[in-house]
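Every number for a ligand or one of its atoms is a count from 1 in the order of the listing.
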Amino acid sequence: MKLLEVKDLKTYFSTSKGEVKAVDGVSFSLDYGQCLGLVGESGCGKTTTALSISRLLPKGGHIVDGTILLEGIDYSAMSDKEIQEHRWKDVSMIFQGAMNAFNPVKKVGWQIAEACVRHQGMTKEEAWKRAGELFELVGIPAERVTQYPHEFSGGMKQRAMIAMALACDPKLIIGDEPTTALDVMIQAQILELLEELRKKLNMGMILITHDLSILSETCDKIAVMYAGRIAEMGSVEDIFYRPVHPYTKALLACFPNINDEERTVPEGIPGIPPSLLDPPPGCRFCPRCKAAIGACSEKVPEFIEIEPGHFVSCHLACEGGELNV
Ligand code: SF4
């Protein structure tokens, strides 16, 4: 059995102007111990996908269709009360901006221990001990559990946030831009730590970022999202060395190539993603796609498997991963 199976997930936000189709037919799966990277520009549905899985959608957000199976149990069908029994224990999140997520007037260790008391029924004494063990696990001396957030550096706060996410031994952990606010050295340390913990604890992990380079060393597979849908999904090698979708290629071209002797300046992708209130009827990348053909603006491309484990949603994709032009 897969750890996680997301099938045709649709999550919309109700606004005064209509329904924003933030996630519109997303499917993927994840095995135990595996890491999936979700990448794409801002507003393409990465965070909404994560919040749908953990059922932490903000007001106005609702799952309108699809299933989210975690160890075969359908999360999408659970009531808010039922989901509270599973959150933290089955799935937990490291949020964007975790640096400011701790309550400044409470000891960091207690903010972690509190989750153990509430969700695992531990006594206060047991929970403090557990907080110390978690600190050690993420490389912070256990005696620092009694310190306050202002006594921690940025990197240590991020490590403590990871300890908090691990408090109830989740099977799946979702990191939403967990290293964005950190400098490059600390970022590398945190990513290394997450990878080490994932392997040691055999957890599934979803890593969300807008930075493709972060995913190459940490993920087993990558899903490139665009305008609420997955444009391309495959192994790290598929995405980095055999990309097929024009959007994936354009994203990769946004990074400077250190082997390029001519030192070409990266182009960027002209235009902006479409409004998800009223997305284009065919391929949502069509208005920005240099390879577009007539059918692209009318018909939604299917999400097809062009080789084992490598999926693409583009009218020009065919078996073998070549573009039919
Ligand atoms: Fe470009 Fe058409 Fe493929 Fe969309 S379906 S990415 S518009 S070629």
Side-chain angles (χ1 to χ4, degrees), residues 6-12 19-29 36-49 65-66 208-213 215-216 219 221-255 257 264 266-325:
V6 176
K7 293 182 191 162
D8 204 20
L9 177 68
K10 294 184 181 174
T11 303
Y12 296 174
E19 293 277 279
V20 175
K21 300 173 182 69
V23 172
D24 205 12
V26 161
S27 302
F28 61 84
S29 64
L36 168 75
L38 287 183
V39 71
E41 289 164 280
S42 297
C44 65
K46 310 180 297 288
T47 296
T48 303
T49 301
D65 207 356
I208 296 171
T209 179
H210 59 273
D211 185 349
L212 259 172
S213 60
L215 302 179
S216 61
C219 295
K221 58 181 183 178
I222 296 174
V224 179
M225 289 193 72
Y226 185 77
R229 292 182 177 149
I230 296 180
E232 183 163 5
M233 180 166 67
S235 65
V236 170
E237 290 75 24
D238 291 335
I239 299 300
F240 279 89
Y241 302 114
R242 296 184 294 277
V244 171
H245 198 285
Y247 180 59
T248 311
K249 291 180 178 179
L251 263 191
L252 288 165
C254 292
F255 289 89
N257 179 357
T264 317
E267 267 184 37
I269 310 173
I272 54 169
S275 160
L276 295 179
L277 254 179
D278 186 21
C283 170
R284 292 183 178 178
F285 188 55
C286 185
R288 303 169 78 188
C289 182
K290 289 178 183 168
I293 55 171
C296 299
S297 58
E298 293 155 16
K299 206 172 147 215
V300 177
E302 283 178 45
F303 194 50
I304 57 165
E305 192 169 17
I306 55 167
E307 53 186 347
H310 188 177
F311 297 82
V312 182
S313 173
C314 172
H315 288 307
L316 302 181
C318 65
E319 281 191 30
E322 297 299 320
L323 283 182
N324 189 18
V325 283

Determine, for D238 against K221, whether the closest basic-nitrogen to carboxylate-oxygen distance falls under 4.0 angstrom.
no

Please state which part of C314 comes within less than 4.0 Å of ligand 1, counting heavy atoms only: side chain, backbone, both or neither.
both

Under 4.0 Å from any heavy atom of L316, which atoms of ligand 1 are there?
8 (S)

Taking only heavy atoms of H245, which atoms of ligand 1 are found under 4.0 Å from at least one of them?
6 (S)

Out of P280, C296, P246, P287, who gets a non-hydrogen atom closest to atom 7 (S) of ligand 1?
C296

What are the atoms of ligand 1, with element, lying closer than 4.0 Å to any heavy atom of C289?
1 (Fe), 6 (S), 7 (S), 8 (S)

Would you mind running through ligand 1 and noting each atom that sits below 4.0 Å from a heavy atom of C283?
4 (Fe), 5 (S), 6 (S), 7 (S)

Suppose we measure from atom 5 (S) of ligand 1 to each protein heavy atom; which comes out shortest, and what is that distance?
H315 N, 3.3 Å

Give me the ring orientation class for Y226 and F285: parallel if the planes are under 30° apart, tilted from 30 to 60°, perpendicular past 60°.
perpendicular

From C286, does some N, O or S atom reach closer than 2.8 Å to atom 1 (Fe) of ligand 1?
no

Under the 3.5 angstrom rule, does the side chain of H245 hit a backbone N or O of V224 as a donor-acceptor pair?
no

Do the side-chain N and O atoms of E232 and H310 include a donor-acceptor pair separated by under 3.5 angstrom?
yes

Charged N to carboxylate O below 4.0 Å: is that the case for E41 and R288?
yes

Calculate, to the nearest 0.5 Å, the distance between atoms CZ and CG belonging to F240 and L215 respectively.
6.0 Å

